2 protein chains.
Amino acid sequence: MKTDSPAIYADLKNKLMNARFGPGEKLKPASLQGEYGCSANTVRDVLLRLTKVGLVEFEMQRGFRAQYTSPEKRNDVTRFRSMLEQEGVTLSMKLGGISWEAELTAAHHRLSHLESEFERSGDLADNPDNMKLWTNAEWSFHDTLISRCGSPMLRDTYENVYGQFRQQMVAQESGFGRSYFSAIIHEHQAILDAALSRDVTACRAAINDHLKRNYTQAVALEAAV
Amino acid sequence: MKTDSPAIYADLKNKLMNARFGPGEKLKPASLQGEYGCSANTVRDVLLRLTKVGLVEFEMQRGFRAQYTSPEKRNDVTRFRSMLEQEGVTLSMKLGGISWEAELTAAHHRLSHLESEFERSGDLADNPDNMKLWTNAEWSFHDTLISRCGSPMLRDTYENVYGQFRQQMVAQESGFGRSYFSAIIHEHQAILDAALSRDVTACRAAINDHLKRNYTQAVALEAAV
DNA sequence: ATTCTGGAAAATTTCAAAATTTTTCCCTAT
DNA sequence: ATAGGGAAAAATTTTGAAATTTTCCAGAAT
């Protein structure tokens with residue numbers, strides 16, 4: 001028999017990022033095996049790989065759990081993401097050229113188009129397919145922001161942290177209503193403008209503003225000098 | 001039969017961090033299995049876990065490899081480490097109190113003692129046990145530096161990156177001779193002094209100075225504002 | 001000489017069951 | 001009642017082999 005573990009990986013990742021498992025819920029290979037028509041070991045294998053991107057928690061002899069969600073965890077993920085994105089975009093602004101500006105503008109255009117639509121009629125965001133479009137566009141914009149940082153490790157780490165950030169956000173169900181989109185439209189615009197005008201300070205501030213709704217703690221990770 | 005997979009994990013990790021495998025060398029479970037008297041799948045399991053800390057490279061259907069080493073990779077790891085450490089210590093300086101200063105002083109004392117000994121008689125560094133002592137002390141000092149940053153994610157990430165940094169360093173065989181220790185003694189001292197006097201700028205610079213021997217590229221990841 | 005093809009060899013993934021460990025829960029002793 | 005013990009149940013890890021995929025190489029065709 002042949003089972004498609006990439007598909008299992010993708011499906012589990014998707015479920016993890018969409019709060020289809022409760023916070024800290026136990027992920028038992030023997031149980032999930034039925035869902036996918038494969039052996040328990042295959043599920044174990046996939047879970048082990050999902051551990052690498054931080055979506056799954058693993059402890060020896062104690063199995064797997066969906067990542068816990070909590071205000072502390074959300075703070076931590078958000079601040080760390082903010083720090084990485086600020087550092088990454090600062091480098092991109094220094095190293096990126098015309099092609100970067102073009103890609104960034106394009107990514108922002110796709111994103112803002114969707115967000116404008118969602119702002120006009122909030123119902124659109126209820127459609128999972130539409131949300132997937134927005135999710136991809138949002139990721140693409142932020143990834144492009146740091147794409148010229150020149151550091152593969154920073155980029156890879158950012159990708160994992162971004163995924164965990166989304167995992168925490170979705171879990172807390174802070175709705176994606178019309179008001180949400182009308183707020184972030186301006187935030188994304190501010191980030192774009194600052195990036196294109198190579199204003200490091202403004203861009204750092206814009207990123208911080210964009211993310212600060214997601215953490216309550218006073219001190220930001222991007223320590224002021 | 002019962003096999004001790006924590007021991008296998010530890011042994012493989014140790015070998016990986018001490019260049020006992022060549023850069024990008026293939027890590028075949030079926031071959032390693034004999035070494036440890038366990039099944040191939042157990043090795044696979046361990047390798048998958050080592051993937052999480054970045055010591056092992058994994059690709060679907062294509063198996064495992066020891067991390068590649070190259071000037072580019074070394075640059076990347078070093079700059080990323082420098083960035084994380086600077087951010088972490090900046091936060092620690094802001095949030096850490098008396099207890100932090102005490103721990104940091106203690107960690108530095110243990111470290112500098114060893115380094116002084118190694119400087120006096122370079123032969124000491126040839127003894128693997130002594131090197132292990134130094135390695136632990138060095139890690140402890142740098143970990144303590146960022147220990148009050150308030151961000152578990154930053155700390156965990158730093159730990160992984162530090163491990164990969166060491167992996168790259170050892171691989172390139174840039175000897176740990178007497179001159180090496182006499183150089184870093186002052187660098188560690190400068191970091192300690194700046195940290196204790198809460199001089200953020202000086203501390204960032206000291207960390208950069210400490211690491212800059214390990215990268216050739218002009219642009220540092222810690223982007224100037 | 002170079003590229004293409006087929007199939008054998010090697011390596012990786014998957015399976016299902018056995019061995020081990022952890023957890024649960026009921027019974028007993030204080 | 002409550003804490004402690006211990007066996008049964010559940011979950012995790014490990015195994016050895018089968019199934020699948022990739023790699024390698026010799027021979028044929030261009």
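Computation of the quantities below employed the complete heavy-atom set of this structure, encompassing side-chain atoms and omitting hydrogens, waters and symmetry-equivalent molecules. Per chain, numbering begins at 1; letters A, B, ... match sequence-line order. Bear in mind the structure is a predicted one, so any value in this text is a computation, not a measurement.
In this structure, B:Arg81 is positioned above the aromatic face of B:Phe165, its NZ or CZ under 6.0 Å from the six-membered ring centre and within 45° of the axis.
As rounded to whole Å, 11 Å separates atom C1' of C:dT13 from atom CG of B:Leu48. In this entry the distance linking OH of B:Tyr9 with C1' of D:dT13 reads 17 Å, nearest Å. We find that CD of B:Gln61 is positioned 12 Å from P of D:dT20, with the value rounded to whole Å. For B:Met60 and C:dT13, the CE to P distance is 6 Å, given to the nearest whole Å. Rounded to a whole Å, the NZ atom of B:Lys28 is 8 Å from the C1' atom of C:dA10. B:Gln33 has its CD atom 12 Å from the P atom of C:dT12, to the nearest Å. Rounded to a whole Å, the CG atom of A:Asp45 is 10 Å from the C1' atom of C:dT12. With rounding to whole Å, B:Leu32 atom CG is found 14 Å from D:dT15 atom P.
Counting atom types as modelled, A:Asn41 pairs no side-chain N or O with a base atom of D:dT12 as donor and acceptor under 3.5 Å.
In this structure, the ring of B:His188 has its center less than 6.0 angstrom from the ring center of B:His142.
Between D:dT14, D:dT13, C:dA16, one nucleotide has an atom nearer to the side chain of A:Phe58 than all others, and that is D:dT13.
The nearest heavy atom of DNA chain C to A:Ala40 and to B:Gly63 marks one nucleotide each, and the one closer to the 5' end goes with B:Gly63.
A:Arg79 and B:Glu87 are not joined by a salt bridge, as no carboxylate oxygen comes within less than 4.0 angstrom of a charged side-chain nitrogen. Ionic pairing of B:Glu35 and B:Lys15 is present here: one or more N-O contacts between side-chain nitrogen and carboxylate oxygen are shorter than 4.0 angstrom. A salt bridge links B:Arg148 and B:Glu103; the closest N-O separation between the charged side-chain nitrogens and carboxylate oxygens is under 4.0 Å.
Residue A:Arg62 has a polar side-chain atom (N or O) positioned under 4.0 Å from OP1 or OP2 of C:dT23. Between B:Lys26 and C:dT12, a side-chain N or O to OP1/OP2 separation shorter than 4.0 Å is present. In terms of phosphate contacts, A:Ser5 brings no side-chain nitrogen or oxygen within less than 4.0 Å of OP1 or OP2 of C:dT13. Considering only side-chain N and O atoms, A:Thr42 lies nowhere under 4.0 angstrom from the phosphate OP1 or OP2 of C:dT13.
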